[in-house]
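Input: a single structure, listed below in structure tokens.
Keep in mind it's a predicted model, so treat the numbers as computed, not measured. Naming: A, B, ... by sequence-line order, numbering from 1 per chain.
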Amino acid sequence: MQVVGKPRQQNGSLRAKGKTCQRRSGCGLQGPRSARRTPSPHLRWNPMTVVTRFAPSPTGYLHIGGARTALFSWLYARAKGGKFLLRIEDTDKERSTQAAIDAIIDGLNWLGLGGDEPPLLQSARADRHAEVAHELVKRGAAYHCAVTAEALQARRDEAELLQKKKAAESQLSPGDAARLADLMRPFRSPWRDPMLPLPEGASTVVRLRMPDHGELIVHDRVQGTVARAYSELDDLILLRSDGTPTYMLAVVVDDHDMGVTHVIRGDDHFLNTFRQLPIYLGMEWQTPDYSHVPLIHGPDGKKLSKRHGATAVDEYRDVLGYLPEAIRNYLLRLGWSHGDDEIIPDEKAIEWFDLDGLNKAPARLDFAKLDSVNKHYMALADDDRLFGLWLARPGSQGLSNDVQTRIRAAMPHLKTRAANLVQFDEVARFLKDLRPILLTGKAAEQVNEEARSRMAALLQQLESLADWSEPAIKEELAQFCARLGISLGKIGPVLRAILTGGAPSPDIALVIALLGRNEVFARIRDYAGARVSRSS
RNA sequence: GGUCCCUUCGUCUAUCGGUUAGGACAUCUGGUUUUCAACCAGGGAAGAGGGGUUCGACUCCCCUAGGGACUGCCA
């Protein structure tokens, strides 16, 4: 069977430019946003059986942008009562590692985005991929080609040379210009011609035969309707000369065999769709519904890379100390919205999420906003869980049992004060620091003679306090001040200084309650102790 | 170079041809206060530029500029 696209003249009016595409301007449909876009014409089966997938290549860690597309796939499957599958695209054996596979699965699981079935390894299916390639040859949709990799490379080198020359001399001779134009055109192998015999014993690749005329139309839920002439597409390689499948073939075969109904992936794959669709058509397979979501950019608007800071999901967990539910919420709001809603818990996300609401433009990562979202979820998080997460961090090692108990007990009061687990370190510092507490800056200025004697008096007062609870301590402090005829403002700063050394801390009565009798007495004595012994 | 995509406050976004262009984060000011936060009140802040179409355009069309993707026997 020949791969055939729609005749050209039907397309002009379907072309979408900018916001003109159907998702924005309505094309006759009315009603709420979610109902606006037409379903993909490729989709003929029951839309109830949605199958989505996330298909990373295991060449590194789980990228935060990848996590976002995984989230969208997961959410869409959940929203439609479908299945979310995982596939490891390890056809490039040189670059794929088990460590990377583990890291990616680990990252997904941490985010709560595990697959509904065990991940499929693409490399295990090479035979099936080859089978399909040969079937395509049999159907005339693909052919064997004897052009060598070296010849292809030479072609690219020549093009590059000519381009450099053009850049340098700003003008090319007519001959060179024509040659360059020819080189920049999609590759067409002489062996497209079925009449041309293959050289004896030559090693060949299997190439897809792009149709000579017409154009392909993709109805993408995010990108809109886009048409592309077959003449702009090359006869891509399906099977390498060693018989192994290329990515382009493998994705299609696997997606089909896994029953994937909705392909949701980064928009760096958008143009690949035009290369992959002919494979579906050649095999007369059902084509999936496509959504190409924009990549995430760094704060400077450039594609997110290492120099922007964290790109790997595990850094967000291990280094930056964010919660998975916060990452999910933040990532969801990056390029998608539901009115004015900012905090969107999972149940709501599943209820509200729709591919049609995704923006086309790439969004920039903003750590300040992530912090504020994370802060919200930290306040909501279970105390034991948060304490466990914090305790497992490298910076929390080697703490005494006393300190651990103290911090665990203080968790309900501390967790609302930090935007992430790194900040939590600072927020918990006053409970963690060892005596004698070092007074820094303004804290040191507070401690003068008068303050020392007042502290000594206060110490005696506190020592006889039976009920060591925040309200009781508050009351005790109030009474102490009343007796001296001073305001709390006279002793609060001093007390805080010698108790915390100037570290961030909650209400002073709460600080005293959280530190515990012995620690409070000891910390006060460190600065008022001499006075106490002299006067008593 | 070619093809395709994108462009509303600093950032993420709302807006479906008629709004004082809304919200959130950030920021600034004031208040509260025993530090830092939190909290409360308030402020500033946007349609890339240029042409059309229309009674009316951020919304539709065209051009320009800027950004991005693809252009591999990588994925």
Does [X] reach a base, just sugar-phosphate, or nothing at all? Heavy atoms under 4.0 Å.
| X | answer |
| --- | --- |
| A:R275 | sugar-phosphate |
| A:K490 | nothing |
| A:T148 | base |
| A:R95 | base |
| A:A149 | base |
| A:H269 | base |
| A:G266 | nothing |

Give a yes/no on whether any side-chain N or O of [X] is located under 4.0 angstrom from OP1 or OP2 of [N].
| X | N | answer |
| --- | --- | --- |
| A:T91 | B:A75 | yes |
| A:R364 | B:G67 | no |
| A:S337 | B:A14 | yes |

Quantified in whole Å, what is the P atom distance between nucleotide B:G23 and nucleotide B:G42?
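Between the two P atoms, the distance is 11 Å.
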
Determine the interatomic distance between P on B:C55 and the same-named atom on B:U11; round to the nearest Å.
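It comes out at 36 Å once rounded to the nearest Å.
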
What one-letter contact string describes nucleotides 23-28 of chain B from 5' to 3', where B marks a base within less than 4.0 Å of any protein heavy atom, S marks contact via sugar-phosphate atoms alone, and - marks no contact?
BBSS--

Test: side chain to side chain donor-acceptor pair (under 3.5 Å). Region: residues 477-494 of chain A. Which pairs qualify, not counting sequence neighbours?
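Listed by first then second residue: A:Q461-A:R483, A:E475-A:Q479.
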
Can you establish whether the number of heavy atoms outside A:Q98 located under 6.0 Å from its atom CD is more than 12?
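More than 12 within 6.0 Å, yes.
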
side-chain contact (heavy atoms from CB on, under 4.5 Å) partners for A:T244, two or more places apart
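Only A:K93, A:R240, A:D242 meet the side-chain contact (heavy atoms from CB on, under 4.5 Å) criterion with A:T244.
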
